[in-house]
Amino acid sequence: MTPSLRRSAGMRALRAGLGRALALLTLLALLPLALVTAMLVFVTLGRPLLFRQRRSGLHGQAFVLWKFRTMREARDARGELLPDALRQTALTRLLRATRLDEVPQLLAIFRGQMALVGPRPLLPETIAGFGALGAIRSSVLPGLTGWAQVNGNTCLSDREKLALDLWYVENRSFALDCRILALTVLVILTGERRNLGNLEKARPILLDLEATTAASVRP
């Protein structure tokens, strides 16, 4: 292994270690709030307290993601689940807005299945639907928060989120991760807004990668 590769591997290990340590400290600090959240979910929605679902992790390896449950099992006359907005309560909407529903994911960070910062973990079939771009997106650990989450999140289309995630993969650094963590706090306090400037920066990367991957599969 060359010196540059050794330094790169060392930086990745250091970054992962710092992320796990910070996740554990944050989990311990938030434990009283997590217990209160669990009680509120129990009073509002009953059991189960946690929502669990298989998500795609690093290099497409599946893992089980845990969150505090924020939706009722309300169904229409045909037995199909109602839209997400109709299955939430005022309290669970607050839990989602403040990200308290995602506190259990700190355990996934401690186990090395997630990172503090990275593209959000999606369903395996969603990643598969991205094709080669899904593999690029999955070349880093999924995160508790990410570049798409601080640049619009629910105000963005799926394609815009993908562009921002790919931009992050191309430009990730320790400084960028620190910036995203700071911006996450700001978003929680002030709400989600589309950042048109960062969207414009991300679109060319998406278009370039689409062109490259399309050319590589041409007969």
Side-chain angles (χ1 to χ4, degrees), residues 33-109 111 113-114 118-138 141-166 184 187-188 191-194 199 202-203 206 210 213:
L33 198 53
L35 292 175
V36 171
T37 301
M39 287 189 290
L40 291 174
V41 171
F42 178 74
V43 170
T44 305
L45 302 178
R47 294 181 179 176
L49 299 179
L50 296 174
F51 167 82
R52 54 175 291 175
Q53 191 176 59
R54 285 179 74 253
R55 297 289 178 94
S56 184
L58 181 65
H59 302 311
Q61 184 174 355
F63 71 101
V64 177
L65 177 140
W66 295 80
K67 300 172 66 172
F68 282 117
R69 193 159 68 95
T70 57
M71 296 189 194
R72 298 173 294 171
E73 292 295 316
R75 299 177 182 269
D76 60 21
R78 295 174 297 177
E80 297 180 0
L81 287 171
L82 294 175
D84 291 355
L86 297 179
R87 293 193 291 129
Q88 298 176 40
T89 68
L91 176 61
T92 60
R93 276 193 290 272
L94 178 62
L95 294 180
R96 291 170 72 93
T98 57
R99 308 295 197 275
L100 286 173
D101 63 317
E102 295 176 355
V103 169
Q105 291 168 48
L106 290 168
L107 286 172
I109 298 173
R111 290 195 296 263
Q113 297 169 319
M114 290 179 60
R120 285 293 293 161
L122 300 178
L123 294 170
E125 52 266 34
T126 302
I127 294 296
F130 292 149
L133 299 185
I136 296 171
R137 187 186 185 277
S138 300
L141 280 170
L144 185 65
T145 186
W147 192 231
Q149 283 61 55
V150 298
N151 282 289
N153 197 21
T154 59
C155 304
L156 303 172
S157 68
D158 290 342
R159 184 173 173 80
E160 287 172 330
K161 289 180 184 178
L162 178 59
L164 289 164
D165 288 336
L166 293 172
T184 299
V187 168
I188 291 173
E192 295 173 347
R193 295 181 180 83
R194 289 166 58 87
L199 281 169
R203 283 193 186 102
L206 175 61
E210 283 179 331
T213 55

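Hydrogens, waters and symmetry mates are skipped; everything else that's a heavy atom, side chains included, is used.
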Please confirm whether the backbone N or O of Gln149 pairs with a side-chain atom of Arg120, one donor and one acceptor, at under 3.5 Å?
-> no

Would you call Glu192 and Arg96 a salt bridge, taking side-chain N to carboxylate O under 4.0 Å as the test?
-> no

Can you see which heavy atom on Trp66 is nearest to which on Leu50, and at what distance?
-> CE3-CD1, 3.5 Å

Return yes if some donor-acceptor pair links the side-chain N/O of Arg194 with the main-chain N/O of Gly152 below 3.5 Å, else return no.
-> no

Would you indicate whether the side-chain heavy atoms of Val187 and Arg99 approach each other to under 4.5 Å?
-> yes

Given side chains that start at C-beta, do those of Leu95 and Phe68 come closer than 4.5 Å, heavy atoms only?
-> no

Do Phe51 and Met71 touch side chain to side chain, with heavy atoms closer than 4.5 Å?
-> no

Between atom CG of Leu144 and atom OG1 of Thr184, what is the distance when rounded to the nearest 0.5 Å?
-> 8.0 Å

Going by heavy atoms in the side chains, are Asp101 and Thr37 under 4.5 Å from each other?
-> no

From CD (Glu160) to CG (Leu199), nearest 0.5 Å = 5.0 Å

For the residue pair Leu133 and Leu166, what are the closest heavy atoms and their distance?
-> O-CD2, 3.9 Å

Indicate yes or no: at least one non-hydrogen side-chain atom of Leu141 is less than 4.5 angstrom from one of Met114.
-> no

Spell out, as yes or no, whether a donor-acceptor pair under 3.5 Å connects the side chain of Arg72 to the backbone of Leu86.
-> yes

Determine whether Asn153 and Lys161 make a side-chain contact, defined as any pair of heavy atoms from C-beta on separated by less than 4.5 Å.
-> yes

Which heavy-atom pair separates Glu102 from Lys67 by the least distance, and what is that distance?
-> CG-CE, 4.0 Å

If you measure from CG on Leu45 to OG1 on Thr89, what distance do you get to the nearest 0.5 Å?
-> 5.5 Å

Which atom names give the shortest non-hydrogen contact between Arg69 and Arg47, and what distance separates them?
-> NH2-O, 3.4 Å

Considering all heavy atoms of both residues, which atom of Pro124 and which atom of Arg54 are nearest to each other, and what is their separation?
-> CD-O, 3.5 Å

Measure the spacing between OG1 of Thr145 and CD of Gln105 and express it to the nearest 0.5 Å.
-> 10.5 Å

Under 3.5 Å, is there a donor-acceptor pair between the side chain of Arg55 and the main chain of Pro121?
-> yes

Taking atom CG of Leu122 and atom CG of Leu65, what is their separation to the nearest 0.5 Å?
-> 10.5 Å

Is the number of heavy atoms from other residues, nucleotides or ligands under 6.0 Å of Gln53 CD greater than 12?
-> yes

To the nearest 0.5 Å, atom OG1 of Thr44 lies from atom CG of Leu49 at 11.0 Å

Nearest heavy-atom neighbours spanning Ala148 and Leu156 = O-CD1, 3.6 Å

Is a side-chain donor or acceptor of Thr98 paired with a backbone partner of Leu94 at a separation under 3.5 angstrom?
-> yes

